[in-house]
2 protein chains.
Amino acid sequence: MTIEDVARAVGVSPSTVSRALQDAPVISAATRRRVARVAARLGYVPNQAARSLVTRTTRTFGLMIPDVTDPVHGQVVTGFEQAAAEAGYTVIMANGFADPQRERRAIALFLAHRADGVALMGSVLPQARVRATVRPAPVVFINGEHVALAGYASDLATGCIRSDDLSGIDALVRHLVEGGRRRIGYAHGRPSASDLTRRDAAARALRRAVPGSRLIEYGGEGWRSESALAGLIARDRPDAVLCYDDKLALRTIAALRTLGVRVPGDIAVAGFDDIPFAALSNPALTTVAQRSEEMGRLAVGMLRSALERAQMPRSITLPVQLVVRESTARRR
Amino acid sequence: MTIEDVARAVGVSPSTVSRALQDAPVISAATRRRVARVAARLGYVPNQAARSLVTRTTRTFGLMIPDVTDPVHGQVVTGFEQAAAEAGYTVIMANGFADPQRERRAIALFLAHRADGVALMGSVLPQARVRATVRPAPVVFINGEHVALAGYASDLATGCIRSDDLSGIDALVRHLVEGGRRRIGYAHGRPSASDLTRRDAAARALRRAVPGSRLIEYGGEGWRSESALAGLIARDRPDAVLCYDDKLALRTIAALRTLGVRVPGDIAVAGFDDIPFAALSNPALTTVAQRSEEMGRLAVGMLRSALERAQMPRSITLPVQLVVRESTARRR
DNA sequence: TTGTAAGCGTTATCAG
DNA sequence: CTGATAACGCTTACAA
C-alpha cells in the first residue's frame, strides 16, 4: 500500500496525494477530502523511512536511560514520551545500564536512525565528546554521571538538566541536625558521580551545621549487599543515616528492622528522590523530591528549541524540595 | 556523510562499501579492512531509513505499555528492550495509558515506522481487529485488557502472553483461609478486564474454600481514593483483603495504618505482582509473583519466531508464584 | 572480487 | 490547483 496506490484509486497524481495528506494549503478542499477518504478506506499510512529520506528529518528522538526499572527513570521516560508525543515526535529508547559500552551502542543506534535529537540520562560518557559524535543533532544530558562530574565539577554550559542535589542534601542535613541528630552517616549507592557528589555535599553541610564533626561513611568502594550495609550501621549506631537514594533507604530500613533497630527511634533514615513508595513505607520516608517527570518534559523542550532556534538552551538546575516524613522524626 | 563519501575516500564503489560493511562473504579481506577503517575514521553510520526502504525491513519493534511508571510495566520494558537489543532490534516505545484513542495513535506510529513486529501490553483494543490492522507485521499481546477478556473469556489462540492470575488468586485465597481468615474482601483497582478477572477468581476460590461464604467488594465502579477505600475497609473489618495489585495493597496498608488498623493483626492484606517494594514494606507484603521481565523477553521471542517461521507461536500462560510474607501472618 | 544501474516510497521543484 | 520528475541513501541483481 503506497502513495501510488492511493493516487490511482483517487485518480490523481502521487504528488497530489502527498500534498493533500499534509494539508498543504494549495490543495482544493474537494480533492483533499476525496484523498483523505480513500486513504483512510485503504488503510494507507505513509512510510516514514521514505519520508525521512527526502525530508532529512525523522521526527524521532533517541532517549537513553540507565534502567527503566528505577522509578525515577520511569518518570523521566513518561514525561519525555508524553512531551515528545505532543510535539509529534516518536521516541526510540535504549537502556544504558551505566555502562560505557552499552551507552555507545545506544548512541550508535540513535545515529543510525538519524534521530533529530538525543537525550541521555545518567550518561557516564564525556559530554563534549558525545556532542561531537552526535552532531549536528542536539544532545541533552539529564543528571549526567560522567566521572568528571563528581563532587564540585559541573556540566557543560548548555543542554544539561540536573537536580539541585547540593541544596537538597543541605536541607536534609540541617533538618537532621535540628532534630538533635549529631553523628550522621552517609550510605553509599553504587559507585557513581552523583553518589560522590551527594557524599561531598553531606560532608560539607555537616561541617557547616556541626563544627568539628565528620561524616561517617557506609559502603562505598568495597560495596556489598544492603544487609551487610545495614549490619555496619546497626553496629555503629549513628544518630542518622542519609542514603544515596530512596531505594537504598527503603532497603536499609527493611534490613535494619530485621536486625531489631528501630527507625526513627534508634536511627533516623533519609533518602533522595521521593519515589512514590517513599510516602507509603512504614515509617514513611523523609526524602528530597526531584521533579523527575518535569525533567523529561524539559529535555524535550530543550531539544525542540535547539532544533528551532539552532541553538541549545543554557543548562538548568531544577530546584528540589525537602519532604519531611516519619523516618527522621525527633526521638521521643 | 554517505556511503558514497566513504566509497570515494577508499577508492571503491558504493556497492563495495555496502558489502564490506555487511561482512558479505564475497568481499576480499583486504578491501573489507580498508573500508572498515575509513568508515570508522569518517564516523560513517549507515542511514537506517535508506536501508529500510530497500530491504523492506526496519529491524524495529514497536512496544506499547500502559504507563512505564508502573514497576511491572517497567520490568516488562526492560526484558523486552534487552532481548530486542540482543537480537539487533531497536525499540520504539509509546505509552497507551489504557486509553483506546492513545492506543490507536501508538499503533499508527508503529505502522508509520513499519515496525517489523509489535508488542502491546495491557491493550484495551480488540485483539483480532488490531492484528488485521497491523498485518502483515506480527503482533503479540501481553496481559491483554480488552473488555471482552474480563472474567472467563480468553485471548486469541496465538501470540498472547499472560500470567496465570486464576491460579495465583486461588493460591492466595487458600492461604488466607488456611490462616483462619473467613470474611474475605477484594479491593478493586481501576476498572479493567484483569480487575474483574481477579475479582471473579477470588469469588470462586472463596466459595470453593469456604462453602456458603461470599466475597465482599470494596471500591469498584464508584471508585474514589485509597483513603476512602481504606475507610470502608476499616469500618467493615473483614478478616482479610485481597487487593487488585501491590501498588493498591501498599497504599491500602499505609492508609489503614493512619486509621489505626493493624496489618496483619486486625486485617490481613495481600497484593498481586510482587513488585520490588513488596518485600521492603512493613509489614512485608504477601503477594503473587508475576514473571514480568520474562514476559518482555518472551514477547520478543514470539515476534522473532513469527518473523522467521512466518507463523505466530501459540498463546502462553506463565505460571505465577505465591509469595507469603508478613502482611497475612496468622493472628497471634 | 568489484562495478553499474535500478529501484525502495516519499517529497520538493518546476512547469503547466 | 495539479502533474512530471528528480532526488534522498542505500542494497541487490546483473555484468564484467
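Chain A is the first sequence line, chain B the second, and so forth, proteins listed ahead of strands; every chain is numbered from 1. Heavy-atom basis, side chains included; hydrogens, waters and symmetry copies ignored.
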For this session: Give the rounded distance in Å between these two atoms: CD of B:Gln48 and P of D:dG9.
Result: 15 Å

Exercise. Tell me: CD of B:Glu4 to P of C:dG3, nearest whole Å?
Worked result: 13 Å

Exercise. Bend angle of the helix from C:dT1-D:dA16 to C:dG16-D:dC1 from five-pair axes at both ends, rounded to 10°?
Worked result: 40°

Exercise. What integer distance in Å separates A:Arg33:CZ from D:dC1:C1'?
Worked result: 15 Å

For this session: With the side chain counted from C-beta on, respond yes when B:Arg19 and B:Val26 share a heavy-atom pair under 4.5 Å apart, and no when they do not.
Result: yes

Exercise. Rounded to whole angstroms, how far apart are CZ on A:Arg59 and P on C:dT10?
Worked result: 18 Å

Please write out the pairs of protein N or O atoms and N or O atoms of nucleotides 5-9 of chain C separated by less than 3.5 Å, giving the distance to one decimal.
from: C:dC8; atom 1: O3'; to: B:Arg56; atom 2: NH1; distance (Å): 2.8
from: C:dC8; atom 1: O2; to: B:Val54; atom 2: N; distance (Å): 3.4
from: C:dG9; atom 1: OP1; to: B:Arg56; atom 2: NH1; distance (Å): 3.1
from: C:dG9; atom 1: OP1; to: B:Arg56; atom 2: NH2; distance (Å): 2.8
from: C:dG9; atom 1: N2; to: A:Ala50; atom 2: O; distance (Å): 3.3

Seminar exercise, completed: Per nearest nucleotide of DNA chain C, the residue lying toward the 5' end, A:Val45 or B:Arg32, is B:Arg32

Exercise. Rounded to the nearest Å, what distance is computed from the CG atom of residue B:Leu21 to the C1' atom of nucleotide D:dT12?
Worked result: 16 Å

Problem set entry | Donor-acceptor under 3.5 Å (B:Asp116 side chain, B:Thr57 main chain) | no

Problem set entry | Any donor-acceptor N/O pair, B:Asn143 side chain to B:Gly122 backbone, under 3.5 Å | no

For this session: Report yes if a side-chain nitrogen or oxygen of B:Thr16 is closer than 4.0 Å to either non-bridging phosphate oxygen (OP1 or OP2) of C:dT2; otherwise report no.
Result: no

Exercise. Is there a donor-acceptor pair closer than 3.5 Å between any side-chain N or O of B:Glu145 and the backbone N or O of B:Ala193?
Worked result: yes

Exercise. Looking across every strand, which nucleic acid part, if any, lies under 4.0 Å from B:Ser52 by heavy atom: base, sugar-phosphate, or nothing?
Worked result: nothing

Problem set entry | pair A:Phe110-A:Ile92: side-chain heavy atoms closer than 4.5 Å | yes

Problem set entry | d(CG, B:Asp23; P, C:dT1) in whole Å | 14 Å

Problem set entry | Polar side chain donor-acceptor pair, A:Gln22 to A:Ser18, under 3.5 angstrom | yes

Exercise. Taking A:Met121 as the fixed residue, which of A:Ile142, A:Val77, A:Asp67 is the one that meets the side-chain contact (heavy atoms from CB on, under 4.5 Å) rule?
Worked result: A:Ile142

Problem set entry | Distance below 4.0 Å between A:Ser18 side-chain N/O and C:dA12 OP1 or OP2 | no

Problem set entry | Distance-only donor-acceptor check, side chains A:Thr16 and A:Ser13, under 3.5 Å | yes

Exercise. Any side-chain heavy atom of B:Arg104 sitting closer than 4.5 Å to one from B:Leu125?
Worked result: yes

For this session: Rounded off to whole Å, could you give me the CZ-to-P distance for the B:Arg19 and D:dC14 pair?
Result: 14 Å

